[in-house]
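Notes follow the structure.
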Amino acid sequence: MEQFSNKENRLGETVLEIDLGALAHNYHYFKKRLRPTTKFLGVVKAFAYGSDSIVVAKCLEDLGIDYLAVAYLKEGMALREAGIKLPILVLHPLPISFEDIIKHDLEPSLYSPKILEKFLLKARELKKKAYPVHLKFNTGLNRLGLQQSDIKDVARQLNESEEIKMVSVFSHLAASEDMNEKEFTLGQIERFCQIMEEVTLRLKSRPFRHILNTSGIINYPEAQFEMVRSGIGLYGFGNDARIDGDLQPVATLKTVISQIHDIEPGESIGYNRAFISDRPKKTATLPLGHADGIGRQYGGGNTYVTINGQSALIIGNVCMDMIMVDITNIPCEVGDEVIVFGADPTAEQFARTASTISYEILTGISQRVKRVIR
Ligand SMILES: *Cc1c(COP(=O)(O)O)cnc(C)c1O
């Protein structure tokens, strides 16, 4: 049996720690930047950006958030089955899910005349009255959404039906974090205003409006309308170094040193002998790999993790279940705690070493990693 030091990771395994205090802090931070009457939608798709959607949704519900959003049916079903009562917008519903969407009181985003018609038929079949739906317009992202030219058709369908009721109209910004694209973004907002004018003209109901995501809240608060939708901001990132300092990361990925190796000059480390040492080295093996969401692009010596306050580079190839880090100058022992990302490096800094973004590393932490709530 190896002896564990007193700096050992109490958890003794790889865990994703979820800090609900940080979540509350971030929520209040954005709330303060908004008009008091602006509704707040928390985006909890993809397991609440890789954390735990049920725990996060319950916490946001307790904090008094107005709305939640998921991308797909299953994510919304999980929240309903856990007893979440808030209205839940499904951002990308597929026709195959319409029946279950209705059965679970989820509110679809309708993004084409065809989708609207199909949903209407399903609502009719299930004998619904004034079932809440949201209209999504494309204003330049060119991903999902109705076109302004669809309004006539959509208005006809909506005005003639009692089965569904349009509660909101929304759009999504393509580059709200990039101030080089300010003109483009203002153009999207302007197009959204024009769409709303026409919608108001042709439709009987008075929907509320929303277009801002996290970076939109930061950079274009004048376009908050009646609601905003924040995902990444709630989890502690604002796509902006100035804002990140005011936010707190919700997720910390921690692990533990499994084994330490002394490497002689000329010896290699890991699969395919991807790293060959030219000097004596010490390495630590950590129990997480690409099956846990740490992709192979994090190998090769560009990315660090933190051990006892010092940076240890990931060297060699990332394996499925393990990575090796260089601890040559770091006093540490088997059992010591390792911060993969959290306060330092942040998920954003960690992601940047592999030319990606916080969103990707956070949502990619696989379900094999135990979630622990703080
Ligand atoms: C994911 C998503 C959001 C959240 O964006 P953040 O940048 O994480 O705040 C908002 N709106 C839509 C339509 C989305 O798909």
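Residue numbers start at 1 and run along the sequence shown. Whatever order the structure lists them in is the order used to number ligands and atoms, beginning at 1.
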Nearest non-hydrogen protein atom to atom 11 (N) of ligand 1, with distance, is Arg229 NE, 2.9 Å
With heavy atoms and a 4.0 Å threshold, my read on which part of Leu91 contacts ligand 1 is side chain
Within ligand 1, which atoms have a heavy atom of Ile232 less than 4.0 Å away? 6 (P), 7 (O), 8 (O), 9 (O)
Protein contact of atom 8 (O) of ligand 1 - nearest heavy atom, named by residue and atom, plus distance: Tyr49 OH, 2.6 Å
Distance-only donor-acceptor pairs under 3.5 Å for side chains of residues 39-53, two or more places apart:
| unit_1 | atom_1 | unit_2 | atom_2 | d |
| --- | --- | --- | --- | --- |
| Ser51 | OG | Ala48 | O | 2.7 |
| Asp52 | OD1 | Ile54 | N | 3.1 |
| Asp52 | OD1 | Val55 | N | 3.1 |

For atom 7 (O) of ligand 1, closest protein heavy-atom neighbour: Tyr359 OH, 2.6 Å
In terms of residue, atom name and distance, what is the protein heavy atom nearest to atom 9 (O) of ligand 1? Thr214 OG1, 2.5 Å
Before giving the answer on side-chain hydrogen bond (donor to acceptor under 3.5 Å, both in side chains), spell out for Ser168 and His134 the whole-Å C-alpha distance, their side-chain angles and the decisive distance to 0.1 Å. CA-CA 5 Å; Ser168 90; His134 305 258; 2.6 Å; yes
Can you confirm if the aromatic rings of His290 and Tyr298 lie within a centre distance of less than 6.0 Å? no
Using only heavy-atom distances, determine whether the side chains of Thr139 and Arg191 contain a donor-acceptor pair under 3.5 Å. no
When you check the gap from the basic side-chain N to the acidic O, do Asp153 and Arg156 get nearer than 4.0 Å? yes
In plain terms, say whether Lys254 and Glu337 are close enough for a salt bridge, that is, a side-chain N and a carboxylate O under 4.0 Å apart. yes
Option among Asp344, Thr353, Asp326 that satisfies the side chain to side chain donor-acceptor pair (under 3.5 Å) test with Tyr304: Asp344
Which of these, His172, Arg143, His210, Glu177, has its nearest heavy atom closest to atom 12 (C) of ligand 1? His172
Please identify which atoms of ligand 1 are closer than 4.0 Å to at least one heavy atom of Lys45. 1 (C), 2 (C), 3 (C), 14 (C), 15 (O)
Heavy-atom proximity to atom 5 (O) of ligand 1 ranks first, among Asn213, Leu41, Ile211, for Asn213
Distance filter under 4.0 Å to Gly231 heavy atoms, resulting ligand 1 atoms: 4 (C), 6 (P), 8 (O), 9 (O)
By number and element, which atoms of ligand 1 are closer than 4.0 Å to a non-hydrogen atom of Val43? 3 (C), 4 (C)
If a pair satisfies side chain to side chain donor-acceptor pair (under 3.5 Å) and one of its residues is in residues 217-227, list it, with sequence neighbours excluded. Thr38-Gln224, Arg209-Glu226
